[in-house]
Asker: 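For reference, the structure I am asking about is given below.
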Amino acid sequence: MATALQPVTPEQQNPVAGITIVHNILKWLTSNWKMTTGTCILVFFILMAIFGPLLAHMSPTAFSNDLFQPPSAAHWLGTTSKGEDIFAQLVYGARISLLVGFIAAIGSTILQILFGLLSGYFGGLVDNILSFVINVFLILPGLPLGIAIASFAPNNIKGPILITILLTFTSWSYGARVLRAQTLSMRSRDFVESARSSGEWPLRIIFFEILPNIISVVASSFVGTFVYTIGADVAFEFLGLGNVSQSTWGTMLFWAQSQQAMLAGGWWWFIPPGVCVSLLCAGLAFLNNGIDEVANPRLRVESKRKLARRKKEVVA
Amino acid sequence: MRRMISRLGFYVVALWASVTLNFIIPRLMPGSPIEAYLVKMQGQNVSLHTIDALRAQFGLSNAPIFVQYLQYLGNLLHGDLGISISNYPYSVWEVLSSHIPWTIGLVGISVVLSFAIGTLIGIVIAWRRGGALDSTVPPILTFISSIPYFWMALALLYFCGFLHSWFPISGGYDINNVDPGFSFDFLMSALHYGTLPAVTIILGSLSGWVLVMRNTMVTTLSEDYVLMAQAKGLSYRRVIMTYAARNAILPSITSFSISLAQVVGGSLLTEMVFNYPGIGYVFYNAVNNLDYSLVEGCFLIIALAVLAANLIADVVYNLLDPRVRQGEA
């Protein structure tokens, strides 16, 4: 964040402005090891989703004669009991799983911003009503609610779109609560007061004055929601509430479970999708902690060596 | 008192919201699966009267929606959740009540254990802020908690149950050799069968408590009264436990009630993987068998349980925080 406040010198401004922005973003992303690790993991999975299918020489749904084979040169991660290639399923599945999680997290963040900022800024009756809705959604168990709704869906509408919608509406409450608290603390700051007294529209104050100032909280809340939506998406599909003929990480686990892969010793079938989800979620969680630490220095863990060095610098 | 009343009011309205949501769910989707369900119901020689009641329950009767809603509320007040098709002729309530103790036992014990262990770890690593533990434990826990509950359950099941046979791979107790009841054998068997599911839930939910406790402890430890306590020469243990931790635990209790809904969701999935005879397993079977009355009943009972647990956390918070109590006077 600090880099954004640096004065812009003329030579930085024109021909190399793009490079400076990239440089600043890179500097921000590498400002602590958690952010760096998280970013690397996230980039790895995004690349895997985009380019992975180019490496797969089989369609994820094509059957072959190699039934239930452990990993080999022909099938890098082995095959399922119908002879489908697990590597192909994994890389194609990354696309849908990432996309569902991402879109649901975006939708959920929009709801969080609307509920959190509006209730925090306006206070009074608006706040009472909105925070009541937030609290009710907070107390409702989202996953069982989603499962119950999805189980009533006819087969033709089961699939990524339904899951995205369900995840959006069951994942926003916690972030909204956090954003509301942040907005409350912003409301009486001087810059908001001055914007108000100069006659700016409330909505303009909320979205152009307050929102940019709490953007790091929004970012961390988005990443946190992303972790939840990815995990919950896989859980829904694992329960067979997605489109089971599509290959995603969750449906891979669904088939592995329903074909009793585990009891047949087929570790190569259920380990890869789970490792991918766990790694991706861990990466996002590190990114989230990293953003929190950058925004809130009190949380930072500093090694004694670094502290000593800083002390020396101060003394010098 | 005022605060308590307004909280109670909140719970009453939240209760109404969950009940109403339960009413709306079957009416959100086009009716074809429910039609199929009713046809299957007729195959079970269910009386026409029951079928009519089910039609009303799922929003397929011709009565106006308002009348349907009143009927639904009336049935609910009489504890009538319908009949479970996959457990015919048992009613949903009978099915649920025979499985509730398992879930309360498993999830209750694991969540309390996880909260206690996590809070202790948080206290220890905050006290040694910046030390070796503080820089290694939270990242490891973050990684562990990123593993989806059900997949951790699968992995534990594969490693400890299938490969090494240390623990049984499915069920809640040894069905062949012991009878349920308050006997030593049964309790030991339940403990043996419950270990892996409990470990899954504890590992999955641990990191949240650790991080919240660590962060509030770090703030609390920089307070003057902690410095004062140290300056008085009190033992470390006394400073940590009675001065710092006691004050830092309040936010943990708030976060306990907030994350409870999520932990319960994860626990349900854990039960499903282990075929543990709790509500999660019933829910899973209900979804798979398209037993809609049971799906509705499961959601309702889970929502009510989370509400009740939140109410308890609220009361505990009230008892622990003197500021809230003084606010009453």
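Residue numbers begin at 1 in each chain, while the letters A, B, ... track the order of the sequences.
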Asker: Let's go through B/Leu269 and A/Leu239 carefully: what are the C-alpha distance in whole Å and the side-chain angles of both, what is the deciding distance for side-chain contact (heavy atoms from CB on, under 4.5 Å) to 0.1 Å, and is it a yes or a no?
Answerer: CA-CA 9 Å; B/Leu269 290 168; A/Leu239 296 178; 3.8 Å; yes

Asker: Hey, is the main chain of B/Ile147 close enough, under 3.5 Å, to the side chain of A/Ser278 for a donor-acceptor pair?
Answerer: no

Asker: Counting only heavy atoms closer than 4.5 Å, note whether B/Ile169 contacts chain A via side chain, backbone, both or neither.
Answerer: side chain

Asker: Quick check on side chain to side chain contact (heavy atoms under 4.5 Å, CB included): which of B/Val263, B/Leu268, B/Ile302 does A/Pro141 satisfy it with?
Answerer: B/Ile302

Asker: Answer with side chain, backbone, both or neither: which region of A/Leu284 has an atom nearer than 4.5 Å to a non-hydrogen atom of chain B?
Answerer: neither

Asker: Can you confirm if the aromatic rings of B/Tyr158 and A/Phe270 lie within a centre distance of less than 6.0 Å?
Answerer: yes

Asker: What part of B/Phe162 gets within 4.5 angstrom of chain A, counting heavy atoms only: side chain, backbone, both, or neither?
Answerer: side chain

Asker: Set out, in order, the CA-CA distance, both residues' side-chain angles and the distance that settles side-chain contact (heavy atoms from CB on, under 4.5 Å) for A/Phe286 and B/Ser146, then state yes or no.
Answerer: CA-CA 10 Å; A/Phe286 283 137; B/Ser146 302; over 6 Å; no

Asker: Side chain from CB out, backbone as N, CA, C, O: work out which of these in B/Asn288 comes under 4.5 Å of a heavy atom of chain A, or both, or neither.
Answerer: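 The side chain, not the backbone.
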
Asker: Side chain, backbone, both or neither: which part of B/Pro139 has a heavy atom under 4.5 Å from chain A?
Answerer: both

Asker: Under a 4.5 Å heavy-atom cut-off, does chain A meet the side chain of B/Ala303, its backbone, both or neither?
Answerer: both

Asker: Is the A/Phe132 ring parallel, tilted or perpendicular to the B/Phe10 ring (thresholds 30°, 60°)?
Answerer: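 Judged by the thresholds at 30° and 60°, the geometry between A/Phe132 and B/Phe10 is perpendicular.
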
Asker: Write down the atom of A/Met262, the atom of B/Leu157, and the distance for their closest heavy-atom approach.
Answerer: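 Distance-wise, the nearest heavy atoms are CE-CD2, 3.5 Å.
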
Asker: Considering only heavy atoms, which portion of B/Leu260 lies under 4.5 Å from any heavy atom of chain A: side chain, backbone, both, or neither?
Answerer: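 For B/Leu260, neither part sits under 4.5 Å from chain A.
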
Asker: Which atoms of A/Trp33 are under 4.5 Å from chain B, going by heavy atoms: the side chain, the backbone, both sets, or neither?
Answerer: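 Interface part for A/Trp33: side chain.
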
